[in-house]
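Here's the structure, in structure tokens; my notes come after.
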Amino acid sequence: MILYSFPSSPFGCKVKSVIFACGLEKNITIEEFHPWLPDTEFRKLNPLGKIPVLKTVDDAIFDSTVICEYLMEKSGMLEKLMPNRIKSLKIQSLVDGLADAAVAIRYELFFRPEHLRCLNWYDRQYLALVSGLKYLDQFNLSTELRFENLCLATFLSYLEVRFSDSNFEQTFQNLYNWYADFMHAHPFLEAAKAKDHPVPAGITRLEK
Ligand SMILES: N[C@@H](CCC(=O)N[C@@H](CS)C(=O)NCC(=O)O)C(=O)O
């Protein structure tokens with residue numbers, strides 16, 4: 001199987017963490033692909049043009065949560081990683097929403113020139129991000145190896161890379177203490193963390 005992803009993608013890192021937690025790393029090749037590259041072939045795998053995508057022998061699976069469920073089921077780890085399905089999905093969908101907001105902010109700042117940026121829209125994404133982190137800061141999280149915890153830890157690794165100047169670690173201390181404890185309890189997850197990576201040449205900014 002091939003996983004199309006990019007080293008900084010929070011959704012891709014979430015899938016990588018599930019690959020490691022399920023012991024599937026030998027079955028999956030990770031192919032680096034930036035979703036903003038003009039590549040019409042990739043849209044044959046995912047018409048939305050988004051990563052991550054998992055290419056199997058006879059299918060292309062997206063989005064990240066569907067890929068994760070597929071891998072957990074395939075490896076027999078679904079019950080272990082999601083013993084309480086609704087609880088897992090609730091946190092997972094919150095974290096996905098935070099990742100959507102964080103990635104939208106990143107795109108606005110990185111891909112759009114300053115004179116085309118919309119401050120109200122940016123503020124709304126930032127509000128979603130901060131409100132979600134506050135909610136999770138008050139949540140009682142365990143350090144058990146659970147799907148929702150994998151989603152959250154890899155997302156926080158994305159914030160470390162892309163929002164390093166936002167002071168979240170000081171503002172949401174419970175959450176970041178949990179993150180440190182969780183990573184300490186499951187050191188194999190270091191390999192799934194988001195990494196800063198140069199954007200490939202040939203990507204055009206949103207000039208219009
Ligand atoms: N809901 C999707 C979100 C995936 C997503 O937004 N991926 C970003 C990269 S982190 C992307 O491919 N963006 C390209 C675009 O929006 O055109 C999932 O969980 O896989």
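Atoms within each ligand, like the ligands themselves, are counted from 1 in listed order.
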Going by side chain to side chain donor-acceptor pair (under 3.5 Å), name the pairs with one or both residues in residues 114-124, residues two or more places apart or in two chains.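 Pairs touching residues 114-124 that pass the test: none.
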Please, which pairs that meet side chain to side chain donor-acceptor pair (under 3.5 Å) have at least one residue in residues 69-95, sequence neighbours excluded?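 Counting only pairs at least two positions apart or across chains, the side chain to side chain donor-acceptor pair (under 3.5 Å) contacts touching residues 69-95 are T65-Q92, E69-R85, S88-E148, K90-Y135, Q92-D96.
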Is the Y176-F168 ring centre distance short of 6.0 angstrom?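 Aromatic pair excluded; centres sit 6.0 Å or further apart.
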Would you say the ring centers of Y107 and F111 fall short of 6.0 Å from each other?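 Yes - the distance between ring centres of Y107 and F111 falls below the 6.0 Å cut-off.
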Can any side-chain N or O of R146 pair as donor or acceptor with the backbone N or O of M82 at less than 3.5 Å?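 Answer holds: no.
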Give the protein residues with at least one non-hydrogen atom closer than 4.0 Å to an atom of ligand 1, ordered by chain and number.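 Ligand 1 is contacted, at a heavy-atom distance under 4.0 Å, by S9, P10, F11, P35, W36, K50, I51, P52, D63, S64, Y107.
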Please list all pairs meeting ring pair (Phe, Tyr, Trp, His ring centres under 6.0 Å) that have one or both residues in residues 187-208, counting only residues at least two apart or in different chains.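 As it turns out, the ring pair (Phe, Tyr, Trp, His ring centres under 6.0 Å) pairs with a partner in residues 187-208, which skip direct neighbours, are F6-H197.
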